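Each chain gets a letter, A, B and so on, in the order the sequences are listed, and its residues count up from 1. Just so you know, these numbers use all the heavy atoms, side chains as well, and skip hydrogens, waters and symmetry mates. Given the structure is predicted, the values throughout are model-derived calculations rather than measurements.
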Amino acid sequence: MMAQVRGFASAPYFTSLVTVFLLLAMLAAGGAAYPGFLSLQVVFNLLIDNAFLLVIAIGMSFVILSGGIDLSVGSVLALATMISAWLLRSAHWPPVAVIAFVLVLGALFGAAQGALIHYFKLQAFIVTLAGMFLARGLCYLISIESITIEDPLFVAMSQTQLELLGGFISPGALIALVLLGLAIYAAHYTAFGRAVYAIGGNEQSAQMMGLAVGRTKVLIYALSGLCAALAGVLFSFYMLSGYGLHAQGTELDAIAAVVIGGTLLSGGYGYLAGALSGVLILGTIQTLIAFDGTLSSWWTKIVIGGLLFVFCVVQRLMSIGAKNNQ
Amino acid sequence: QKPLVIGFSQVGAESEWRTANTASVKDAAKKAGVTLKFADAQQRQENQVKAIRSFIAQRVDIIAFSPVVESGWDTVLREAKAAKIPVILTDRSVNVSDPTLFVSLIGSDFVEEGRKAGRWLVEYAKKSPAATLNIVELQGTVGSAPAIDRKAGFEEIIKGNPKLKVVRTQTGDFTRAKGKEVMEAFLKAQGKSINVLYAHNDDMAIGAIQAIEEAGLKPGKDIIIISIDGVKGAFEAMIAGKLNVTVECSPLLGPQLMEAAAAVKAGKAIPKRIVVNEGVFPAEVAAKEFPNRKY
Amino acid sequence: MAATDVAPVLELTGIHKEFPGVKALSDAGLRLYPGEVHTLMGQNGAGKSTLIKVLTGVYTPERGTMLLEGKPIRPSSTLEAQELGISTVYQEVNLCPNLSVAENIFIGRYPRKWGRIDWKGMQREAARMLALMDIDIDVAKPLSHYSLAVQQMVAISRALNVNAKVLILDEPTSSLDEAEVQLLFTVLRRLRGQGIAILFVTHFLDQTYAISDRITVMRNGEREGEYLCSELSRIALVNKMIGAPADEQRAAAVAEDAALAQGGQAQAGQAAAQSPELVLEARALGRRGALLPTDISIRKGELLGLCGLLGSGRTELARLLFGADKADSGGITAVDRASAAPFANPRDAIGAGIGFCSEDRKHEGAILSLSVRENLILAMQAQAGMLRAIPLKRQQELANNYVKWLGIKTASIETPIGSLSGGNQQKVLLARWLATEPKLMILDEPTRGIDVRAKEEIMDYVSALCRKGMSILFISSELPEVLRVSDRMIVMRDRKACGEYQRGELDDTTVLHAIAGEAA
Amino acid sequence: MLLQHPLMKPLAALFALLLVDLIFIPGFFHLEWKDGHLYGSVIDIVNRAAPLMLAALGMTLVIATRGIDISVGAVVALSGTVAAMLIGGTMVMHNGVPVYEANTPMLWALCAAMGAALLCGAWNGLLVSTLGLQPIVATLILMVAGRGLAQLLTDGQIVTVYYQPFFFLGSGYLFGLPFSLYVVAAVVLAVSLLMRKTALGLFIQAVGINPVAARLAGLKTAALIFFVYVFCSACAGMAGLMISSNIKSADANNAGLLLELDAILAVTLGGTSLAGGKFSLAGSMIGALIIQTLTYTIYSLGVPPEVNMVVKSVVVFLVCLSQSPEFKQIWKRKAA
Ligand SMILES: Nc1ncnc2c1ncn2[C@@H]1O[C@H](COP(=O)(O)OP(=O)(O)OP(=O)(O)O)[C@@H](O)[C@H]1O
Ligand SMILES: Nc1ncnc2c1ncn2[C@@H]1O[C@H](COP(=O)(O)OP(=O)(O)OP(=O)(O)O)[C@@H](O)[C@H]1O
Ligand SMILES: [Mg+2]
Ligand SMILES: [Mg+2]
């Protein structure tokens, strides 16, 4: 029995399990403290409200697993909402064409960043930071005001509620979950996914082993751009508007979610599913605070920091403990 | 009888004005014996949506919020309506397809504030002997509603006046530091030709005043300064003669919000638009007004 | 044996490659015939690895032609080289530590099932391939879990797994022991029989003569000559590598020593062996999953050899002694040390006068983008403390001295260590520890990748240090080497010490039996 | 040979920017003597760049150990707030004449502010070195909570300082040059001396490039990592004092917002790799100057605010590309 526990504790996915366990603990604590917290719909709301973040975090997971970073995602999201809104309102494109166009554009944007990073040996941090300025800047070139979306398809997507177990979730949340499934499959069962891990483990070795490092890296950033654009589309479903100031600082949330989900920022280690637990944890922290409803703006920040701290430390200590025990 | 429960989603704590706004709502709630569920959105719309959803889940009596932006509220407000929770907006309006999604809007009109600033300047220009007045403008955060509206209102008024010319405009992000930094650059680039500074909020104006002083000019005299908000710092500056006028944008919406909420709860009809009393305070009245300022 | 009338499968001529400040290859060349094992030999820094990297598209040469089956090739990446049918194991293990052993073997050419990666099948196949080499490990565990030797075997398995025309192995045996080497050779012979051309790099003369058909000797970036193995004596070979015919005797000695395993026992610190003074004594030192409680003691001036099979726990013992890993049982007493607890970290151990040269130079030794000088003085500086910086003059002096003594081939002492050849990096790391003048030096595979002549010199140097009173714990996969220099020897098996032999009792059969765990 | 120097590329970028200024902005390099000090755009740039330079300095060392510190902005807010609150004082009206007094002796206040910054650094350092949290999450905690603390102290209000001597730090002049410049110079000098005279630089690089090997060589890796985070926060603390002194108030909501990104950008523009190891202090200083010059240029050129970001990003792309050897090769191949 003990040996089993030990084997379990030394499994590579242990950190991720700790994360899930802590998430459940946090939900339970919330349920005990605030009436109405532990309802199904609150949990579904976590998914609905964070669908776009989950989608971004999925793209970000690939980037981080490969040892890179992508700071442009939040801005690309905003750009996607902006372009969608503008195309729908001013150019009167059909909504499906708009979505396809935006997705392609996001992928191209990411691919361009990836190409700069790989072929010119530039640092991912700077390239994507400049990309972040660029994408947001482009939003303002379209319009500095927010543009409302009135397209029927978008409105329908926004207001549809899919009944599930007595609660409801949004199509956006469903899309995000499906994407997560696809991403887990890609990371685990395709050559591309494994190349991502290999590059994160040791880029030089991956090159020497004959992997197409350049192509993979460009693809990774393209994927991240695509996810950001898709998140933008979900965000436009969610908000029904395009706006240059949408989703500011989302890149940091996405990185935090991925890292909290157990992925190492230095690359090579972690699981795609961790993105989900990371996103849910950030969401739960916010929900806890909203349910509490007595915190001032600054106490909100302090409590978020404190919960992050407790969370990271417990996660870390449990992992260390498990290692020592093995 | 159970106390009234209001869920209030605030934009954030990005400026003194906002903090005063929050304080006013909290104080008023306490005085009115209302249970206030407060959520800070840290300047992000998605956080506000999340907060509103959790208010719905908690079945509060009334939801109030200061929207970060105008668009994008249809879905969540529909959910609130489905849950039969009335919504009151404060400070800014929203663009929704169905006007019944909210009960009332209590707040200022940013465009009108811009207009007031413009009118004051037009009056001033009439008295001024100079042939043209070169204006520099310190905008708020690019894309934010107050920045867009205050710029639009101001432009609307001065457009017809050939004497008034905006020579430079740049964003100062509503902060003192940026206001000062940008003003420094303006002063170097334009030299002494700047006659008027129009700042979208007091903080930027206060920063700019420092830059003007450091350039060896006299703020309020060599360069006329107009700003918006009417925070304490602005009054101090006016008393010191460094600021010419501030257009009030009152953050003290709390009491009105509580009144409206109580009325809605009691099933009384309330006006769709509740305007806050706001004035224009030129330097001459500053000393007299100063003791009355709460924030 | 390759028939000369067959056209070479691979022919390189007039290859030039220059790095800033170094001419790595000038007019180098190579001919490979199908179905032969061809050994590339040369001193450290002669350009062997560079030639291989040029051939496989890691570096682009300034000049030269490469013909594969008569057609000119110029691969611009390892991927291209692989697609051309050239499969390579590079000198430094180039695998991904985070991936499982199985994946490291199969990445890039996964077995599929319904279009997706077939993990089960892959693991089965990987286990089978490793079993061929007598390695029985959990292939699902990450590679970083295993010792360097296992990693090297994985790299070899990976290269063997490809359907290649040309197989290149750059010092694959440097951290393998006798048994593994033999297994590898069996595999190579089989591949040779299938008509594959094999290029093999080693510094071991024995291995060269055991397997190769033909030898190309490189010297200073040039092709010195190509010889049939059967027609080249050991002495002649060493001579050609060193390139100093005047130094005939020296060459003879080198060849002799290297060839005769336990033969002419070097006159190591015999006198000191009798010294009763203990420098270090460990009692019941152990760590769960790594080492069973083990006793070990080392006397002043003694050269203690440690041998055993792969994974027998030698490296683990060394790491525990040095505090690199935390022991969970036992204690260590050392001279001038109050506590009897195991060392908590390397700093403590260094403070007690211990030095440790790790077997894994890429991950645990070299700090790649720092210069030779900085790498060399690092341990010394750490000991002196941060505030007492060693004056630059002194650093340069030290570095220059060691570069001279150990014959380190480098453009200058300010060259980043990463651009040195493997053997030369190893020498710098050795120098790092020698410079601290420890009381006890733990050398884990210190001669890994070092050429015959330098090995000789280093061993002489080490023996001399012993005579001056330094104790040495010497770990090497080359049994002859250990036998030759040790005053005393401990044999390890199954993660614990299982036998101790004094100098007089040493002979290879006894030891081999002990290692293998059979009654002699 | 000189052209090979790693600092040449960032310097060239800076000069290119200045050249643009020279051509398009009349009187950009014009300096005059005003009120006993030099006055002009260039002075503005260095004065404004001073806090960024300090932040970049601390960040350089953190990055050299393969870490990152995103709490810099929060520490700036916190230290500025502490100092401003302790010194500030309320304006007392005396017969219509305002009188200003420091609440706490300025020296104490400055010490307290720096103390707060050092505590922040120690906190970060502890989380990274002892607990082994990933630097980005470890400092994320303080990034969020630190600003909250600062706002808690001020109740979200801007704390105005009326005490004159405090202004000297951020907007005073010494021998005609901004005082902040001397502070930066002193810190840079001290750090370079430390790098030259002690083995600190070597150790930091070793830890950044190969922490395992560094530990085996006997370095106190944990202590070193702890130190760099403390140092980074100390630099941020000083930057915070400078910023609040310059605007004569502490704005807990906005002070130092996103300064960490600019600092990291400055470090990378200066040629230090985020993968750790080799670093260049001078490069980071030049990087900070590039950023500030660019910002100033945008203001001075009269670029419409909505285009700011596009211009900034395009320049960053160009600077990076100009530094990439691969790009140069392609260029050469085209030309040939
Ligand atoms: N990337 C590089 N940059 C600069 N110099 C290099 C680089 N790689 C190799 N060299 C130099 O080229 C020469 C040949 O090195 P190479 O690695 O080919 O030697 P080798 O024959 O493989 O030696 P060893 O037996 O030690 O492995 C050496 O002097 C080395 O310093
Ligand atoms: N042939 C093998 N079969 C199974 N496991 C092995 C084998 N070789 C090494 N290992 C693993 O490698 C780990 C490291 O062993 P260690 O390095 O202590 O042994 P060593 O005697 O120094 O061997 P090496 O020659 O590889 O350095 C062991 O814990 C073991 O799990
Ligand atoms: Mg080699
Ligand atoms: Mg070993």
Nearest 0.5 angstrom please: B:S71 OG to A:M239 CE, how far?
9.0 Å

At a 4.5 Å cut-off on heavy atoms, which part of A:S39 comes close to chain B: side chain, backbone, both, or neither?
neither

Run the side chain to side chain contact (heavy atoms under 4.5 Å, CB included) test on B:F38 and A:T294 for me, step by step, so that the C-alpha distance in whole Å, both residues' side-chain angles and the decisive distance to 0.1 Å come before the verdict.
CA-CA 6 Å; B:F38 176 83; A:T294 58; over 6 Å; no

Which residues from residues 197-205 of chain B are near chain A, with near meaning under 4.5 Å between non-hydrogen atoms?
none

Taking all heavy atoms of B:A13 and all of A:W298, pick out the closest pair and write down the distance.
CB-CZ3, 4.3 Å

Checking B:S54 against A:F37 for the side chain to side chain contact (heavy atoms under 4.5 Å, CB included) test, could you report, in this order, the C-alpha distance in whole Å, the side-chain angles of both residues, the deciding distance, and whether it holds?
CA-CA 9 Å; B:S54 74; A:F37 186 91; over 6 Å; no

Would you please say whether a donor-acceptor pair under 3.5 Å links the side chains of A:Q159 and B:D74?
no

Where on A:W299 is there a heavy atom nearer than 4.5 Å to chain B: the side chain, the backbone, both, or neither?
neither

Segment of B:R78 engaging chain A (4.5 angstrom heavy-atom cut-off):
side chain

Which bit of B:E46 comes within less than 4.5 Å of chain A, counting heavy atoms only: side chain, backbone, both or neither?
both

Can you tell me if B:K272 has over 12 outside heavy atoms packed within less than 6.0 Å of its NZ?
yes

Within the distance-only criterion (no hydrogens, no angle test), does the side chain of A:Y243 pair as donor or acceptor with the backbone N or O of B:E70 below 3.5 angstrom?
no

Which one wins on heavy-atom pair count under 4.5 Å against chain B: A:T148, A:T287, A:I149?
A:T148

Please assess A:D253 against B:R44 for the test side chain to side chain contact (heavy atoms under 4.5 Å, CB included), listing each intermediate value before the final yes or no.
CA-CA 12 Å; A:D253 286 351; B:R44 287 164 64 172; 2.9 Å; yes

Chain B: which of A:V155, A:L295, A:I289 shares the most heavy-atom pairs with it under 4.5 Å?
A:L295

Looking only at A:G36, A:A247, A:C139, the option with the highest number of non-hydrogen pairs under 4.5 Å against chain B is A:A247

Rounded to the nearest 0.5 Å, the CG atom of B:N47 sits from the OG1 atom of A:T300 at a distance of 10.5 Å

NZ (B:K265) with more than 12 external heavy atoms under 6.0 Å
no

Please classify the contact between A:Q161 and chain B as side chain, backbone, both or neither, with a heavy-atom cut-off of under 4.5 Å.
side chain

Which atoms of B:L36 are under 4.5 Å from chain A, going by heavy atoms: the side chain, the backbone, both sets, or neither?
backbone

Checking B:F8 against chain A: side chain, backbone, both or neither under 4.5 Å from a heavy atom?
neither

Would B:I148 and A:I144 count as a side chain to side chain contact (heavy atoms under 4.5 Å, CB included) here? Give the steps.
CA-CA 8 Å; B:I148 295 168; A:I144 55 171; 4.0 Å; yes

What residues of residues 45-58 of chain A sit under 4.5 Å from chain B when only non-hydrogen atoms are counted?
A:N45, A:I48, A:D49, A:N50, A:F52

Heavy atoms, side chains only, cut-off 4.5 Å: are A:L240 and B:T75 in contact?
yes

Nearest 0.5 angstrom please: B:N95 CG to A:S241 OG, how far?
9.5 Å

Sort A:T250 into side chain, backbone, both or neither according to what part of it lies under 4.5 angstrom from a heavy atom of chain B.
both

Which portion of B:Q42 sits near chain A, non-hydrogen atoms under 4.5 angstrom
side chain

B:K37 side-chain N/O to A:F291 backbone N/O, donor-acceptor pair under 3.5 Å:
yes

Do other residues, nucleotides or ligands put more than 12 heavy atoms under 6.0 Å from the CH2 atom of B:W17?
yes

For A:S236, is it the side chain, the backbone, both or neither that has a heavy atom under 4.5 Å from a heavy atom of chain B?
neither

Taking side chain as everything from C-beta outward and backbone as N, CA, C, O, which of these in B:T19 sits under 4.5 Å from a heavy atom of chain A? Side chain, backbone, both or neither.
side chain

Approximate separation, where rounding is to 0.5 Å, of A:F235 CZ and B:Q45 CD:
6.0 Å

If you count heavy-atom pairs within less than 4.5 Å of chain B, which of A:S146, A:S143, A:G283, A:S170 leads?
A:S146

Contact origin within A:L288 toward chain B - heavy atom pairs under 4.5 Å:
neither

What part of A:Q41 is in contact with chain B, defined as an atom under 4.5 angstrom from a non-hydrogen atom: side chain, backbone, both or neither?
neither

So, for B:A57 and A:V42, which heavy atoms are closest and what is the spacing to 0.1 Å?
CB-CG2, 3.9 Å

